[in-house]
Amino acid sequence: MRELQAPKGVSEYFPPRSQYFELVRETLIDSARTAGYSLMELPVFEDTELFKRGVGESTDVVSKEMYTFEDRGGRSLTLRPEGTAGVMRSVIENNLDKLMLPIKVWYSGAFFRAERPQAGRYRQFYQVGIEAIGLNDPEIDFEVIAVADRAFKKLGLESYRLEITSLGDAKSRASHRKDLVSYISKLKLDDATLERAALNPLRLFDDKRPEIREAMASAPLLLDYLSPESKENFARVQELLNSAEIKFTINPLMVRGLDYYTGTTFEFISDKLGAQSGIGGGGRYDGLMAELGGNDLSGIGFGLGVDRVLLACEADGIFDASINKSDLDLFLIALSSDEKAFVSNLVNQLRNQGIACDMAYGDRALKGAMKSADKSGARFSAVIGADEITSGLVALKDMKSGESKEVRISSLAEEFKSN
RNA sequence: GUGGUCGUAGCUCAGCUGGUAGAGCACUCGGUUGUGGUCCGAGAUGUCGCGGGUUCGAGCCCCGUCGAUCACCCCA
């Protein structure tokens, strides 16, 4: 075993797989940009209090999964376990809510949760998220879901599905909670389960044990307690999804792990990932900004798991052939060490003109150098010896077809720019 | 955090009832003078995750530990 190894449970991406990670992340981000969202770049650690108040102390995320530490000034800081709380904090702190609403932002980066690792569940993981703050239109709810769905479709992902529900407004939840608690109180449950029920009775809907499922089968559903406004809102979201031909199922048992969710709530699930099947999820949060000391504005957003979307894409086999392995246009080879300085210079000039190119380093024989050219994935290669330097002409070889054509060294850049 | 499985060359793995390690792929070089992807030949590579123990002797057995993985929990 090596002396030094990565900390437990972190995900790492290096070539060649990193190109797929990058593609996934960029596709998710691009979908957000296309819908008018702008970048928000935030710190990876925040005041611990932000997550306690924002995410909720009763949640597992806050109560037992946070990386919390004290800095040298005695401040309690926490590595961000999710993105929404930080966005809200920054919006409030920088008075962004005084601008024209809604505020539409996206973020991307690493998040941290001290859970027991598993495939698709890491202690440092990556998310791309968006937040739309300041409007309560069902059209915005639809937009947020559509941004995620469009990104998945663009990637070519097929093995995923969308589940939605509505957690209603405060009134809806209060009346439901009363009935649910009384229903649960009549069940015979073990201590651990009772404890969870006391923190959030909705959690029992999410229990995978058959006996609990059975016991909860006739429990009162939140969806049946929605206020008229919530009901109408939820119906409108469904209409919009239908007309956009975004397939979904309503899952009245869906429970989210973060306390701030209200109203429209959704999850994207891949069936090919085993237990860690959620590739993204989100929902509306009515009281969050006010809770954190800002204006009482509602918002909605999602967080998509880049690691898991990548895993799902791989499970669907969509990276097999379709993707170009390299961005290189040209790979240059110096026939002998006499031409190396010339080639190095040429490569540098071509790069200055925006041509993506590389060259054979080291003192490999031509055969080995050609192998490097092949492996680089460059579209074209060219060998430069004394003859080429005196004549000013090179044979530009198309690596796919194997054919080559004569081109002036001085007009190499133009050759690629016109393509 | 709880329980199960696993940990051998860069990768995927083999290694018989304990006798000090192999294959395929990848890699490097070569198959006569300046052209890769196929073929043929040659070569390099491992403290068998780590630490203890049992034994004349352990990759194979036992304990611990680290890590991965599966399920629960939770969630991206």
Side-chain angles (χ1 to χ4, degrees), chain A residues 1-11 14 16-17 24-25 28 55 59-65 80-84 108-129 148 192-193 195-196 199-200 203 206-210 212 254-258 267-270 273-282 302-312 331-336 339 360 362 364-378 380-388 394-404:
Chain A
M1 200 2 76
R2 291 149 180 96
E3 275 183 63
L4 256 25
Q5 56 184 328
K8 179 175 179 149
V10 300
S11 60
F14 40 85
R17 196 158 91 106
V24 168
R25 184 174 57 191
L28 299 179
V55 180
T59 61
D60 279 24
V61 168
V62 170
S63 64
K64 50 190 192 193
E65 295 172 0
R80 36 136 90 148
E82 60 93 56
T84 304
S108 165
F111 295 85
F112 308 85
R113 254 118 100 159
E115 300 179 90
R116 181 112 168 219
Q118 201 170 317
R121 186 169 79 181
Y122 307 107
R123 292 185 165 189
Q124 172 171 334
F125 57 98
Y126 297 86
Q127 280 193 0
V128 168
T193 311
E195 221 169 284
R196 287 205 295 138
L199 285 172
N200 183 353
R203 286 280 152 71
D206 210 26
D207 204 303
K208 284 173 190 164
R209 289 171 297 180
I212 306 290
M254 188 166 88
V255 183
R256 304 282 309 160
L258 312 179
E267 254 171 32
F268 287 91
I269 297 153
S270 167
L273 295 188
Q276 310 308 320
S277 59
I279 57 174
F302 65 56
L304 308 180
V306 182
D307 312 81
R308 288 188 189 174
V309 174
L310 173 61
L311 252 19
F331 193 92
L332 287 170
I333 296 165
L335 189 57
S336 76
E339 296 86 27
R364 308 189 70 189
L366 184 56
K367 179 170 176 167
M370 281 305 294
K371 269 189 152 174
S372 307
D374 190 37
K375 280 221 319 232
S376 77
F380 293 90
S381 72
V383 177
I384 293 182
D387 294 353
E388 282 77 7
V394 274
L396 193 59
K397 181 171 182 175
D398 183 319
M399 293 301 279
K400 245 192 200 134
S401 67
E403 289 162 19
S404 44

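Within every chain, numbering begins at 1; the chains are lettered A, B, ... in the order of the sequence lines, protein sequences first and strands thereafter. Every heavy atom of this structure was used, including side-chain atoms; hydrogens, water molecules and symmetry mates were not.
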(message) Check for me: is Phe125(A) stacked on A76(B) by the 5.5 Å centroid and 30° plane-angle rule?
(response) yes
For [X] and [N], is the shortest distance between a side-chain N/O and OP1 or OP2 below 4.0 Å?
X	N	value
Arg364(A)	U28(B)	yes
Lys375(A)	C27(B)	yes
Arg203(A)	C73(B)	no
Gln276(A)	A76(B)	no
Arg116(A)	A68(B)	no
Lys8(A)	G67(B)	yes

Considering only side-chain heavy atoms of [X], which listed nucleotide, [options], is closest?
X	options	value
Leu366(A)	C72(B), A76(B), G34(B)	G34(B)
Lys371(A)	G37(B), U35(B), A76(B)	G37(B)
Glu115(A)	G34(B), U35(B), A76(B)	A76(B)
Lys367(A)	A76(B), G31(B), U69(B)	G31(B)

(message) Both Val383(A) and Ala6(A) contact RNA chain B. Taking the nearest nucleotide for each, which residue is further toward the 5' end?
(response)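 Here Val383(A) is the residue nearer the 5' end.
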(request) Name the residue closer to the 5' end of RNA chain B, choosing between Val61(A) and Ser401(A) according to the nucleotide with the nearest heavy atom. (result) Ser401(A)
